[in-house]
Amino acid sequence: MSFDLNILNPQQKEAVTNTEGPCMIIAGAGSGKTRVLTYKIAYLIESGVSPYEILALTFTNKAAHEMRERVSKISPDSSDKLWMGTFHSIFARILRFEGQRIGFDRNFTIYDSDDSLSIIKQAMSLNNISVDSVNPKSIQSSISKLKNRFISPIDFSLKNKNDFEKRVSFVYTTYQEILKKNNSMDFDDLLVKPIELFNSNPDILEKYQERFKFILVDEYQDTNRAQYIIIRALSQKYKNLSIVGDDAQSIYKWRGAEIQNIFDFETDYKDRKLFRLEQNYRSTKKILELADDVIKKNKKQIEKNLWTENDEGEEIHLIENMTDREEGLKTAKYILDEIQKEKYNFKDFVILYRTNAQSRTIEDALRVQKIPYVIIGGIRFYQRKEIKDLLSYFKIVVNHSDSEALLRILGLTEGIGKTTIDKLKEISYNEELPIYEVLKKINGYPEFSSKVKIKLDDLFKFIEKYSVLLNEIKLTELTRGILDETGIIRDLKYENTLEAEERISNIQELISAIAEYDDNHDNAKLEGFLQDVSLVSDIDTIDNQKNAVTLMTIHSAKGLEFPVVFITGLEEGLFPVSNSIIQEEELEEERRLFYVAITRAMKKLYLMYANQRYKFGTPSYQARSRFLKEISPDIYDKYIKYEGLKTFNTGANSVRSRQGKSIQYDFSGFNHKKKVEEEFDNDKFPDIKKGVTVSHETFGKGKVLGIHGKGLDKKAEIYFEDIGLKKIVLKYAKLTINEIE
C-alpha cells in the first residue's frame, strides 16, 4: 500500500478493507465517514480495481468535490477516472450517452424549479385548470413526490381519488408531454428516466452493471424510492455495494427520502456486513452527550453509542427571551462576547433556524451591530433574472427544442409583444412543433406582420449562427460572443442605476465562471457547463473564505460544522413544527433534526427560545419546545447553563456580563413599535374563498369559514384541524390547496 491505513481507527480500518459483497457502515455524526469513503475508494484502487469500475454517489456537489480532492491526495493518478458525483449529475451523464434510447437528444435541457413551474402552468391552462382554483406550486410539489416514489402518470391516473388528485393526474400527463417535446427534463426526471432506460433496455443496464462493479453510496438514509431502485438495479450483478449512513440524521422526508431504505438494507442484502463508526472527532463531550440524550428518545433507530476523546468543553447555554426581537439582540450580543473573549472570527459562527422566515429579526440585530453575515437559501446566483436571461440564450443554442428558454428570449426581444408570443405558442401547439421550428419557416405565416417577421427571422439566424459556432470556437469565446450580440450589458449600462451595476457585476461573474470551467475541462462544451449550473444546490454556494456569520435552516446545515452554533426558535409549533405533533413518525424526524443541529457544534452551543413571536402580523405567545423539556435531569444539571430574562435588559444600552463588567452595545437602531415586516413570500397565493380546504405550513390543514376585508387587508377565518379557529391576514399567509399525502 502506498498510503497509510494506520491513520484510521480500528472500526474505520475494518470498514475500509472489507470490499467484497454488501457492506453497511453506520456512521454517527462527526465520526469520519468521508475519510472512510475516500480511503475505501483508494484501497480498492491500490488492490487492483480499475478506477473505471468504481461508482461513488453523493447528495451534494460539495461532498463529491471534497471526496475527489481527498482521493487525489491518496491516489493522484486515479481521481479523474472515477465516476464520482451527485446522483443527479451521474445519471444526467448516463442519460447524455444513452437518452436517445428513450427519445431524448444528448443536448437535453435540465429545468430548474422556476422553469418547471412555468411548464406546470402551461399544462394547467391546456387542461382548463385555473391558477386561481389550485396553486401551481401544490401541483408541482405533488408531481415531484410522485416521481420520487417512481409513480408514473399512467400509474397515478389509475389510483387518484379526489378532485385535486384528478387535476394533478391531468397536469402530470400533459407536463411530461411538454417536457418531452422540449427535449427537457426536470430535476426529478434525472432519477426517473434512468430507471425507464434500464427497464426498457436490459442491454444498457447490463452494460453499466458490468462497468460499475463496485458502488459506494453516501448518506444512504436520504435516498428516495427512485434512488433505491437505481442502486439495487446497478448492484444486482456483483453486489459489491457499500452504503454509508446514519438513521439518526434522516431529515428529508418532506422531499421524498425514505428512512426505511436504511432499515431494510439487512433484509435486502442477507449477507451484508455491518460496521459502526461511533467515535466522534468533532464535538466536545458535553455537546455529544446532549445529542445522544436527545436522539435516544426516538423509538425507531439503529443502535449506536457515540463517544469522543475530545475535551469536556464548556457548558451549553440555554437562553430564554421575551420576544423574537430580543432573541436576535441576544444572539448578536453573544457573538460579540465570544469574539471579544475567545478571539473567534465571524465565520466561526452559524445561526440555525427551523424556517427561513425566522431570519428577519436576527438579520435586524446583526445589521445594527454591524456584524457581517451571509444567508444560505436566499436567491441563488443562477436564479437571478439577468443570469437566467443570459442562460436562456445559451440553452436555446444547445437545445433548439427548449421552447421555455426561447419564450424567455422572445420576452426580452424589443418589438416582440405578448400577442406575437401567444400566436407562436398557438401555432407550436396546433402543429406539434417546437417554437424554434415555427421561427424557421416564419415567412410562411400570414398572421405576422412584415416587421415582426424580420425580428423573428433575425432571432432565428442568431440561434443558427451560434449553433454552428458551438463546436468550432472555444467555450469562452462563444459565450462572450453571445453576450455581446444580445446587448444585455449595453442595455444595463444605459439604465445607469445601482441595481443595473449590480446586475452587470453578476453577468461578469458568470463569464468568469465559464472561463474557469473552460480552463479546467479539456474540450469544454456549453452543454456541460449548463448541466453543472443546473445542479448547483444551496450548500454548494457556501464561501468558507468569507469572514461572516452564516445564517441557514437546519436542513441546509447537514454535513457542515462550526465552532459556535446558535439554535434559535426552540418553541412548540415552530420546532417541532405543528404538524409533527400529530404523527409519531413526523415527531421523530423533528427530533432527528434537533440532533443534527446540535451535532454541527464543535466547541460551543447556544439554545434559544422566545416567549412571544410575531406570526403573520400578530403576536403569538409561545411555549418552550418539548425537546428542551425532554432533556434528562442529569444532563441538564451537569451541562446546561440556563440564562433567563433577568440576565439581560433590552431597555438599556449596556449589559452586565457574568464577570460583572459593563459591556456597551448599540441598540439604538431598533424601533420596537415599527410596523411588522412581511415574513413570507405572498406573490402568488390563490383566491381563498369560503368553503375552500387549505394547508398552512405551520398550522396544518384547515377549512375557510369566512372572508373579511379587501385587497392587502383581506383576512380569512380558518378552522384548523390541529389548533382550532384562527383569523389570518392573507398577505402574510402562505396557503395552498391540500397536496397529495
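In what follows, residues are counted from 1 in the order of the sequence shown. This is a predicted model, so every value here is computed, not measured.
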*If we ignore angles and hydrogens, is there a donor and acceptor under 3.5 Å between the side chains of Asp402 and Tyr436?*
no

_Test side-chain contact (heavy atoms from CB on, under 4.5 Å) on Phe198 and Ile229; report intermediate values, then the result._
CA-CA 11 Å; Phe198 295 152; Ile229 293 170; over 6 Å; no

*Taking side chain as C-beta onward, heavy atoms only, is Met84 less than 4.5 Å from Ile41?*
yes

*asked:* Using every non-hydrogen atom in the two residues, find where Ser116 and Tyr175 come nearest and quote the distance to one decimal.
replied: OG-OH, 2.8 Å

*Are any non-hydrogen side-chain atoms of Leu406 and Leu439 less than 4.5 angstrom apart?*
yes

_Within-4.5 Å side-chain heavy-atom neighbours: Ile231 and Ile243_ = no

*asked:* Does Phe394 form a side-chain contact (heavy atoms from CB on, under 4.5 Å) with Ile514? I'd like the steps, not just the answer.
replied: CA-CA 12 Å; Phe394 297 163; Ile514 292 170; 3.7 Å; yes

*Kindly give the heavy-atom pair with the smallest separation between Ile195 and Ile230, and that separation in Å.*
CG1-CG1, 3.5 Å

_Using every non-hydrogen atom in the two residues, find where Ala524 and Asp518 come nearest and quote the distance to one decimal._
CB-OD1, 3.6 Å

*asked:* Surrounding CD of Glu206 (heavy atoms of other residues, nucleotides or ligands, distance under 6.0 Å), is the total greater than 12?
replied: no

*Evaluate the criterion salt bridge (charged side-chain N to carboxylate O under 4.0 Å, His left out) for residue pair Asp389 and Arg503; output intermediate values, then yes/no.*
CA-CA 11 Å; Asp389 289 346; Arg503 288 183 173 183; over 6 Å; no

*asked:* Return the CD to CD1 distance between Glu404 and Ile396, rounded to the nearest 0.5 Å.
replied: 10.5 Å

*Could you state the interatomic distance from NZ (Lys147) to CZ (Phe156), rounded to the nearest 0.5 Å?*
13.5 Å

*For Ser556 and Leu560, which heavy atoms make the closest approach, and how far apart are they?*
O-CD1, 4.1 Å

*Salt-bridge contact Arg167-Asp163 (side-chain N to carboxylate O under 4.0 Å)*: no

_Tell me whether Gln227 contacts the main-chain N or O of Asn224 through its side chain, where contact means a donor paired with an acceptor under 3.5 Å._
yes

*Start with the C-alpha distance between Lys558 and Phe59, add both sets of side-chain angles, then the distance that settles side-chain contact (heavy atoms from CB on, under 4.5 Å), and finish with yes or no.*
CA-CA 11 Å; Lys558 188 161 169 288; Phe59 275 84; over 6 Å; no

*Could you please spell out the steps behind the salt bridge (charged side-chain N to carboxylate O under 4.0 Å, His left out) verdict for Asp457 and Lys461?*
CA-CA 6 Å; Asp457 190 51; Lys461 289 174 180 175; 3.1 Å; yes

*Mark yes or no for whether Ser72, through its side chain, and Glu69, through its backbone, hold a donor-acceptor pair below 3.5 Å.*
yes

*For residues Ile482 and Phe462, determine if any side-chain heavy atom of one lies less than 4.5 Å from a side-chain heavy atom of the other.*
yes

*asked:* Closer than 3.5 angstrom, by distance alone: can the side chain of Lys237 be matched with the main-chain N or O of Phe212 as a donor-acceptor pair?
replied: no

_Taking the side chain as everything from C-beta on, heavy atoms only, tell me whether Thr486 gets closer than 4.5 Å to Leu412._
no

_Check: Ser118 and Arg408 side chains under 4.5 Å, non-hydrogen atoms_ = no

*asked:* Contact between Glu447 and Glu426 at the side-chain level, heavy atoms closer than 4.5 Å - yes or no?
replied: no

_For a quick check under 3.5 Å, do Ser113 and Gln140 share a side-chain donor-acceptor pair by atom type?_
no

*Hey, could you give me the CD1/CG distance between Ile120 and Asn135, rounded to the nearest 0.5 Å?*
11.0 Å

*Does a donor on one side chain and an acceptor on the other come within less than 3.5 Å for Tyr393 and Glu485?*
no

*Exercise: identify the closest heavy-atom pair between Pro434 and Ser428*: C-OG, 4.0 Å

*Evaluate whether atom CD of Glu472 has more than 12 neighbouring non-hydrogen atoms of other residues, nucleotides or ligands under 6.0 angstrom away.*
yes

_Angle between ring planes, His555 versus Tyr252, binned at 30° and 60°: parallel, tilted or perpendicular?_
tilted

*Do we see a donor-acceptor contact under 3.5 Å between the side chains of Ser401 and Asn183?*
no

_A quick test of your reading: do over 12 heavy atoms of other residues, nucleotides or ligands sit less than 6.0 Å from NZ of Lys440?_
no

*Expected output: side-chain Asp155 to main-chain Ile151 donor-acceptor under 3.5 Å*: no

_Measuring centre to centre across the rings, with the benzene-like ring taken for any Trp, is Phe150 within less than 6.0 Å of Tyr228?_
no

*In terms of ring plane angle, is the pair Phe448 and Tyr445 parallel, tilted or perpendicular, where the classes change at 30° and 60°?*
perpendicular

_Any donor-acceptor pair under 3.5 Å linking the side-chain atoms of Thr420 with those of Lys455?_
no

*Please indicate whether Ile154 has more than 12 foreign heavy atoms, meaning atoms of other residues, nucleotides or ligands, lying under 6.0 Å from its CD1.*
no

*Counting only N and O atoms by type, is there a donor-acceptor contact under 3.5 Å from the side chain of Ser141 to the main-chain atoms of Ser138?*
no

*Ignoring hydrogens and geometry, is there a side-chain-to-backbone donor-acceptor pair from Asp112 to Asp114 under 3.5 Å?*
yes

*Taking everything shown except Lys453 itself, do over 12 heavy atoms lie less than 6.0 Å from its NZ?*
yes

*Min side-chain heavy-atom separation Glu177-Leu126 under 4.5 Å*: no

*Looking only at heavy atoms, which two atoms of Leu82 and Ile54 are closest? And how far apart?*
CD2-CB, 3.8 Å

*Find the distance between OG (Ser89) and CG (Leu57) and round it off to the nearest 0.5 Å.*
8.5 Å

*Does the side chain of Glu210 pick up a donor-acceptor pair with the side chain of Tyr238 at under 3.5 Å?*
yes

*So Lys193 and Glu196, salt bridge (charged side-chain N to carboxylate O under 4.0 Å, His left out) or not? Walk me through it.*
CA-CA 5 Å; Lys193 295 302 177 186; Glu196 292 179 8; 3.3 Å; yes

*Regarding Arg96 and the six-membered ring of Phe108, is the cationic atom NZ or CZ under 6.0 Å from the ring centre and inside 45° of its axis?*
yes

_Side-chain (Asn240) to main-chain (Lys213) donor-acceptor, under 3.5 angstrom_ = yes

*With the threshold set at 4.0 Å, does a side-chain nitrogen-carboxylate oxygen contact exist between Asp484 and Arg480?*
no

*Quick check: does any side chain N or O of Ser184 sit under 3.5 Å from a backbone N or O of Ile110, one acting as donor and the other as acceptor?*
no

*asked:* Val452 vs Ile442, test: side-chain contact (heavy atoms from CB on, under 4.5 Å). Steps then yes/no.
replied: CA-CA 10 Å; Val452 167; Ile442 196 64; over 6 Å; no

*Does Asn261 offer a backbone N or O that forms a donor-acceptor pair with the side chain of Asp268 under 3.5 Å?*
no

*Enter the distance from Gln176:CD to Ser152:OG here, rounded to the nearest 0.5 Å.*
9.5 Å

*Could you give the distance from CG (Leu456) to CG (Leu410), rounded to the nearest 0.5 Å?*
6.5 Å

_Flag, side chain of Glu219 to backbone of Thr58, donor-acceptor distance under 3.5 Å_ = no

